[in-house]
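A quick write-up on the structure given underneath.
Model, not experiment: these values are computed from the prediction. Naming convention: chains lettered A, B, ... in sequence-line order (proteins, then strands); numbering from 1 in each chain. Heavy-atom basis, side chains included; hydrogens, waters and symmetry copies ignored.
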There are 2 protein chains.
Amino acid sequence: MRRPSMKELAERLGVDRSTISRALSEDKAHLVAPETREKVRKMAVDSGYRPDLTAAALRRGRSQTVGVLVPDLENETFINVIRTIIGSLNSGDGTPATTPLIAETQDRPSAAQRLIETYLSRRVDAIISLASTEADEEILAEAAREVPVILAVRSLAALSLPSALCDDREGGAIVARYFAERGHKTVCQVRGPLLATTFNNRAQGFSAVCAEKGIKEPPEAIHAEHATSAAGKKTLDAVLQTSPRPTAIFAHNDALAIGLIEAIRERGLRIPEDIAVAGFNDIKMAQVLATPLTTVAYPIEEVGEHAAQLVRSLITGDPAPGQSVPFIPKLVIRRTT
Amino acid sequence: MRRPSMKELAERLGVDRSTISRALSEDKAHLVAPETREKVRKMAVDSGYRPDLTAAALRRGRSQTVGVLVPDLENETFINVIRTIIGSLNSGDGTPATTPLIAETQDRPSAAQRLIETYLSRRVDAIISLASTEADEEILAEAAREVPVILAVRSLAALSLPSALCDDREGGAIVARYFAERGHKTVCQVRGPLLATTFNNRAQGFSAVCAEKGIKEPPEAIHAEHATSAAGKKTLDAVLQTSPRPTAIFAHNDALAIGLIEAIRERGLRIPEDIAVAGFNDIKMAQVLATPLTTVAYPIEEVGEHAAQLVRSLITGDPAPGQSVPFIPKLVIRRTT
DNA sequence: ACATCCTTTGCAATCGATTGACAAGCTAAT
DNA sequence: ATTAGCTTGTCAATCGATTGCAAAGGATGT
């Protein structure tokens with residue numbers, strides 16, 4: 001037999017729909033006599049009643065969904081941040097479950113735009129963008145006028161939206177300081193694509209310390225086309241052609257680092273004796289490598305947790321915490337340096 | 001100024017709400033005079049009208065969403081199948097965009113159950129499970145009585161639901177035949193966890209051919225705890241302890257294979273001279289490795305496309321195609337064998 | 001005994017879009 | 001001239017849950 005609607009439940013029990021609604025709700029349950037409440041709940045379970053969330057969303061004006069934008073679903077770090085966010089959003093005891101609408105922008109502004117339109121049409125309660133690029137600024141600003149928008153992982157200088165971030169600048173600086181300690185005189189960065197602030201910040205932090213410590217960097221920046229290991233692998237030639245040849249490479253993320261390592265292996269050079277490599281993020285693969293990767297551990301938990309907190313307080317209308325402090329990542333020294 | 005509802009639009013234009021609805025719709029637009037239609041559309045754009053999909057969903061009984069269950073969001077192959085599905089679902093010209101609700105089960109039946117409940121409450125138009133394990137059978141069967149359920153990637157023997165699958169058995173067989181050709185006499189499988197049919201089928205296909213060709217396998221099966229490179233790395237000891245020592249390993253997926261390769265490197269053995277390794281899926285990393293991985297390319301496009309097609313036809317109520325033929329994966333020979 | 005308060009429940013409006021039934025106006029056909 | 005048929009648009013019901021308001025009934029206080 002088909003599952004009953006609230007109305008049918010009400011008829012069967014000989015009470016009004018509103019009583020059912022209240023008895024089944026979390027916050028209005030106290031308005032209903034304990035006896036009735038139990039009767040209703042029992043009947044609801046027995047009959048296999050299933051609330052229609054589309055109807056509830058319409059009436060409430062809140063859909064209990066949040067839109068999540070990621071640049072790339074294959075990126076482990078993004079996924080882990082999202083996992084933390086979702087986990088935190090649904091850990092609340094009283095709060096009803098929030099369903100995330102997750103989609104990928106591939107760093108295409110047109111995709112971001114389309115997705116945000118969809119989210120707004122679906123009346124999401126908030127939007128979390130881990131995909132913000134400068135090209136999205138206007139779209140996000142626009143969206144923020146209708147619904148809370150939270151920036152995570154990637155910041156946007158021109159837009160002052162609540163954000164949950166990693167201190168990428170400091171992350172870059174940490175690597176440079178470490179290279180300095182190890183006595184490297186000539187180093188090199190392999191940068192990710194310029195779209196997002198993330199890589200720029202890492203580059204700036206790194207270069208600032210290098211300048212300060214008198215460490216040499218090649219005059220021309222080396223950019224990988226994508227932040228992937230395949231793209232990283234391709235950059236090794238460029239790295240080795242700079243002169244004097246660097247003794248250490250700072251790859252802007254672990255995927256790039258792994259690509260470089262494989263290229264270095266192919267060439268028969270030794271790591272770290274001939275050339276040292278450090279990455280960023282500390283993905284799982286970093287530990288699996290035959291010579292485990294030195295890298296900067298991304299503060300996934302902190303960023304995710306903070307983003308979730310921002311979402312929660314913005315949805316409930318609590319005073320949004322002011323400017324949040326970015327979380328400091330942590331160097332993990334392994335064997336590639 | 002706040003965005004108008006359909007009602008407000010109607011008032012401004014002095015027509016009925018129903019006219020607006022029809023003018024803006026795809027399929028009923030012909031019921032409205034071209035002139036009026038244009039007037040409405042223009043006004044809609046100018047005023048920034050944004051349809052409320054929660055309201056539309058309630059009225060229509062269809063939400064234009066599909067629930068997608070994945071065991072693990074970090075698995076590149078699953079993600080790629082999902083990408084294909086989403087792409088195909090939204091490529092239709094006339095059909096309105098379908099929003100996927102993506103969630104991860106981590107192979108926990110309780111999570112699967114909870115998610116399916118949520119999907120049903122949200123009135124998804126269909127559910128696609130790439131996460132089916134035997135423990136989920138009942139839950140899925142139950143769900144299938146309310147909404148179309150499609151199985152992708154992982155099959156479920158006891159349940160005859162429309163499925164989009166890879167012929168894993170044949171995939172395993174292909175590897176065994178290839179090992180035979182290369183003259184291997186003693187080989188070994190590193191299996192993934194038993195939960196899903198996938199790995200079982202690969203194992204069976206492989207073993208059947210080995211038996212037929214007189215190739216020796218160790219008596220005790222070697223299982224990795226998870227289908228990850230970290231878990232794969234840990235299994236090398238077990239592999240090397242079998243006697244006679246195998247000269248080739250068939251890892252049930254690329255992550256496992258990569259873990260094994262790293263372990264082999266650490267130990268100073270040569271690939272493929274001392275020991276050959278083949279994987280399954282053909283993830284991107286397989287090509288980036290210093291010695292690129294021989295592997296079985298998963299028919300991502302076919303599986304994804306077929307799943308999307310099933311969803312489409314089941315939603316529109318078209319005759320569901322009968323039993324579908326699983327797609328044959330393809331061996332990609334590289335340098336680890 | 002009467003006013004007052006509290007608890008519990010029902011009534012009815014509402015969220016915003018969609019759609020079947022129907023009416024008005026117009027053209028074409030017999 | 002009348003009927004039939006088509007186009008275009010309106011009316012009103014509907015999807016299923018939520019919630020402000022009010023009423024009924026009971027308990028308490030004076």
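- Between the side chain of E302(B) and the main chain of F327(B), no donor-acceptor pair closer than 3.5 Å is present.
- Nucleic acid contact for L53(A): none, since no nucleic acid atom lies under 4.0 Å from a heavy atom of the residue.
- Residue contacts for T36(A): at a heavy-atom cut-off of 4.0 Å it reaches the sugar-phosphate backbone alone, with no base atom in range.
- Toward the 5′ end of DNA chain D lies the nearest nucleotide of R22(B), the other residue of the pair R22(B) and S21(A) mapping further downstream.
- Within the 4.0 Å cut-off from OP1 or OP2 of dA17(D), at least one side-chain nitrogen or oxygen of Y49(A) is found.
- Of the candidates dT8(C), dA17(C), dG16(D), the closest approach to any side-chain atom of L58(B) belongs to dG16(D).
- Between dA17(C) and K7(B), no contact under 4.0 Å exists linking OP1 or OP2 to a side-chain N or O.
- As rounded to whole Å, 16 Å separates atom C1' of dT18(D) from atom CD of E26(A).
- Side-chain proximity of P34(A) to dC15(C), dT18(C), dT8(C): nearest is dT8(C).
- Contact annotation: R60(A) side-chain N/O to dT18(D) OP1/OP2 distance is under 4.0 Å.
- dT9(C) atom C1' lies 13 Å from atom CD of E35(A), rounded to whole Å.
- Distances shown here put every side-chain N or O of S18(A) at or beyond 4.0 Å from the OP1 or OP2 atom of dA17(D).
- Contact annotation for T19(B): base contact, defined as any heavy-atom pair under 4.0 Å involving a base atom.
- Close to dT18(C), at under 4.0 Å from its OP1 or OP2, lies no side-chain N or O of K28(B).
- Proximity note for D52(A) (side chain, C-beta onward) versus dT18(D), dG16(D), dT19(C): the nearest is dG16(D).
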